[in-house]
Amino acid sequence: MTTTVGDWSYPGGVNGDPAPMLVDGTWRGSASGETFPTFDPGTGEVITEVALASVQDTDLAVAAARRAFDEERWMRLSAQQRGAILWRASDLIRASADELASLESRNMGIPVPQARAMVLEAAAQFQYYAGWADKIHGRTIDLGPAERRIQGYTLREPIGVVAMIVPWNAPLISASKKLAPALAAGCACVLKPADETPLTALWLGQILQEAGVPAGVVNVVTGPGETVGARLAEHPDVDTVAFTGSTEVGRSIVRAAAGNLKKLSLELGGKSPVIVMPDADLSAAIPGVAGAVFWNTGQVCAAGTRLFVHESVFDQVVEGVAEAGRRLRVGYGTDTDVDLGPLISRKQLDRVTSYVEGGRRDGARVVSGGARIGDAGYFFAPTVLVDVDQSMPVMREEIFGPVLGVMPFGDVDQAVALANDSSYGLASSVWTRDGATGHAVARRLRAGRVGVNVHRAGGVHMPAGGYRQSGWGRESGQEALENYLEVKSVVSALN
Ligand code: NAD
């Protein structure tokens, strides 16, 4: 496959050059000429080299975004024109869906059909926010008594320069969830993809240029979080950081942002609970629970990793989910008939392995999985643990792998208490045939999203985000626009 971006071609392309960055509408290497490798996690082999941005390169990208914003290169267009450009971007993403999916699969390991679904979800983000571009309005408010009538109105203005820092587990979607609403709001952007998965973010930069986004409005810089990400978080010319990643790094971004008190939106980690009530339809709940934890090899912020099952159906559900895990075909993402790909990296493989080993030492019993598969790539078997309790790290900390801990409960109050016993609050689900129970439990769960008889659902129309240490702000839906807008009040004396 050869896909050209600027004068560079993906991966191992015609000229074999390192992938460049996008700064002020131009594709360029880093100032130092340094590069870093990006890997195929299915084989551990290098796909290509990528420009290694330094603090200096990051500053150039921020300066480009600042200029683009201050010169109103994007806001000078009408809201309808901006909407049309975002719509065109969604069309271009769809037109390249096969190639983008292959590249995403190769760089992060996810099976191609699932990568393709992610690409279409990214396209949907641009389509949805294209519709919002000309519907961002203020309000009119009349003030004062008759003798001193004042008319007030509000303007919704773009916040300015947005730094976007995203993880590797859904690279194109994570970038699109920020770029699409930020552009609809009128902002200028610097995107930093995860160092593990820079390739589709660069391609997205190319697509946005092709769609008609003016130079400097979208910049893409590639490099490590500790330098590039940290510089973006502290940069005085960045007005807001939109971050998706771990709670630990989120905390360091909060500290770095204190300098100019920049606003933040944070989509952080999770340890999401799933409750199976005694009356649940197990023919739906068992595959639903398995999908909630194992999809994308468990590398999902909202993965349902803590399962609470009523004691009357405990054994049946545990065996059902374990069997569903055993039946999943684990393999190389671009092979056909594969359900789960590898973990992203050696580091992640070691992390998942050490959590499972730690769980065993703490007294957990492995019902299924529990170990690496093979010795090439970073494959890990879908794993179900029982004899766990809420004090164990496997039940408290985010593992970010295909590992489920299961506990029994006696009544609904106990189930809700166990589910809410977490420092996180990202997602959750409850499985029951009784609609009233489902909605009552939904109100009691402390999480940004609750599924009733479904775990992974929502899409672009529904806001998603975290309670507690799972984040600040919301992505998707109308709510995401708030991350990128300021409200200005204008008052005018009428007499
Ligand atoms: P991570 O926090 O290690 O990295 C995320 C991004 O932050 C990367 O681009 C990384 O380079 C950058 N980064 C690292 N250190 C930094 C620093 N000091 N300053 C600024 N940036 C820095 O997360 P990850 O391992 O890439 O992704 C997995 C995590 O992301 C999990 O915790 C998962 O729950 C979370 N996540 C959350 C959501 C959500 O919507 N809530 C979605 C996807 C992933």
Side-chain angles (χ1 to χ4, degrees), residues 36 38 41 50 52-53 55 58 107-108 110 118 121 125 163-178 190-198 201 220-235 238 241-257 262 264-272 295-305 343-345 347-352 397-401 422-427 447-449 456 458 460 462-477 479-480 483:
F36 67 99
T38 187
V50 180
L52 177 66
V55 165
T58 309
N107 204 183
M108 66 164 288
I110 190 170
M118 283 182 166
E121 213 178 311
Q125 287 280 334
M164 304 168 172
I165 304 175
V166 297
W168 44 261
N169 66 317
L172 196 66
I173 294 182
S174 304
S176 302
K177 279 182 172 178
K178 300 189 187 313
V190 179
L191 168 67
K192 190 204 93 63
D195 11 334
E196 293 88 346
T197 52
V220 186
V221 281
T222 44
E226 296 73 19
T227 49
V228 179
R231 178 61 181 154
L232 289 171
E234 69 173 15
H235 203 296
V238 169
V241 175
F243 173 74
T244 300
S246 60
T247 294
E248 187 192 343
V249 173
R251 215 169 264 124
S252 78
I253 287 178
V254 171
R255 284 191 291 269
K262 55 175 73 65
L264 298 176
S265 51
L266 304 171
E267 295 291 327
L268 306 178
K271 191 74 184 171
S272 297
W295 195 79
N296 200 14
T297 319
Q299 303 169 119
V300 177
C301 54
T305 49
L343 293 163
I344 186 74
S345 61
K347 185 173 148 207
Q348 218 32 41
L349 176 66
D350 292 344
R351 177 185 165 89
V352 174
E397 296 170 18
E398 185 178 49
I399 301 174
F400 228 53
S422 173
S423 58
Y424 294 111
L426 193 57
R449 190 179 83 202
R456 286 192 314 107
V460 64
M462 289 294 284
Y467 281 33
R468 298 170 167 165
Q469 293 181 34
S470 287
W472 295 349
R474 292 292 179 269
E475 287 200 314
S476 294
E479 285 79 356
N483 300 330

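Because only heavy atoms are used, hydrogens play no part in the values below, and waters and symmetry mates are left out as well, while side chains stay in. Counting starts at 1 for both ligands and their atoms, following the listed order.
- Close N/O approach between Pro224 and ligand 1 is not found [any backbone or side-chain N/O within under 3.5 Å].
- Looking at atom 17 (C) of ligand 1, its nearest protein heavy atom turns out to be Gly225 O, 3.4 Å.
- Put simply, atom 4 (O) of ligand 1 has no protein non-hydrogen atoms near it, under 4.0 Å away.
- For ligand 1, the atoms lying closer than 4.0 Å to a non-hydrogen atom of Asp195 are 11 (O).
- At least one N/O-N/O distance between Lys192 and ligand 1 falls below 3.5 Å.
- The aromatic ring centres of Trp472 and Phe243 sit 6.0 Å or more apart.
- A pairwise comparison of heavy atoms in Pro41 and Ile344 identifies CB-O, 3.2 Å as the closest pair.
- An N or O contact shorter than 3.5 Å is missing between Thr244 and ligand 1 by distance.
- Polar contact check, Ile253 against ligand 1: no nitrogen or oxygen pair lies under 3.5 Å apart.
- Looking at atom 41 (N) of ligand 1, its nearest protein heavy atom turns out to be Leu268 O, 2.7 Å.
- Scanning the protein for heavy atoms near atom 18 (N) of ligand 1, the closest one is Ser252 OG, 3.6 Å.
- At the top of the distance list for atom 27 (O) of ligand 1, counting protein heavy atoms only, stands Pro167 CB, 3.2 Å.
- With hydrogens and angles disregarded, no donor-acceptor distance shorter than 3.5 Å links the side chain of Asp195 to the backbone of Thr222.
- Contact between Asn169 and Val300 at its shortest, heavy atoms only, is ND2-CA, 3.9 Å.
- The backbone N or O of Val166 lies less than 3.5 Å from no partner atom in the side chain of Thr244, so there is not a single donor-acceptor pair.
- Considering backbone and side-chain atoms alike, Val166 places an N or O below 3.5 Å from some N or O of ligand 1.
- Between Ile165 and Ile253 there is a side-chain heavy-atom pair separated by less than 4.5 Å.
- Shortest contact from atom 23 (O) of ligand 1 to any protein heavy atom: Ser246 N, 3.5 Å.
- Within the 4.0 Å heavy-atom shell around ligand 1 one does not find Gly466.
- Shortest non-hydrogen contact noted between Thr247 and Gly269 is OG1-N, 3.3 Å.
- Here is the list of ligand 1 atoms found below 4.0 Å of a heavy atom in Val249: 2 (O), 13 (N), 14 (C), 15 (N), 16 (C), 17 (C), 21 (N), 22 (C).
- The shortest N/O to N/O separation between Asn169 and ligand 1 does not fall below 3.5 Å.
- Between Glu397 and Lys271 there is no salt bridge, since no side-chain nitrogen of the basic residue lies less than 4.0 Å from a carboxylate oxygen of the acidic one.
- Closest of all the heavy-atom pairs between Val50 and Pro198 is CG2-CG, 3.9 Å.
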For Asn107 and Thr38: C-alpha separation, side-chain torsions, deciding distance, then whether side chain to side chain donor-acceptor pair (under 3.5 Å) applies. CA-CA 7 Å; Asn107 204 183; Thr38 187; 3.0 Å; yes

Side chain to side chain donor-acceptor pair (under 3.5 Å) between Ser476 and Gln125: does it pass, once the steps are laid out? CA-CA 8 Å; Ser476 294; Gln125 287 280 334; 3.2 Å; yes

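- Counting only heavy atoms of the protein, atom 28 (C) of ligand 1 lies nearest to Phe400 CE2, 3.5 Å.
- Residue, atom and distance of the protein heavy atom nearest to atom 39 (C) of ligand 1 are Cys301 SG, 3.3 Å.
- Between Gln299 and Gln348 the shortest side-chain heavy-atom distance falls below 4.5 Å.
- Interface of Gly229 with ligand 1, defined as ligand atoms under 4.0 Å from a residue heavy atom, comprises 19 (N), 20 (C), 21 (N).
- In Leu426, the part holding a heavy atom less than 4.0 Å from any atom of ligand 1 is the side chain.
- Summary of contacts: the protein heavy atom closest to atom 24 (P) of ligand 1 is Trp168 NE1, 3.3 Å.
- Geometrically, ligand 1 and Ser470 share no nitrogen or oxygen pair separated by less than 3.5 Å.
- At a heavy-atom cutoff of 4.0 Å, ligand 1 is contacted by the side chain of Glu398 but not by its backbone.
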Which is it for Glu121 and Val460 under the side-chain contact (heavy atoms from CB on, under 4.5 Å) test, yes or no, and what are the steps along the way? CA-CA 8 Å; Glu121 213 178 311; Val460 64; over 6 Å; no

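- Of the possible polar contacts, one joining the Arg468 side chain to the Ser422 backbone as a donor-acceptor pair under 3.5 Å is found.
- At a heavy-atom distance under 4.0 Å, only side-chain atoms of Ile165, from C-beta outward, approach ligand 1.
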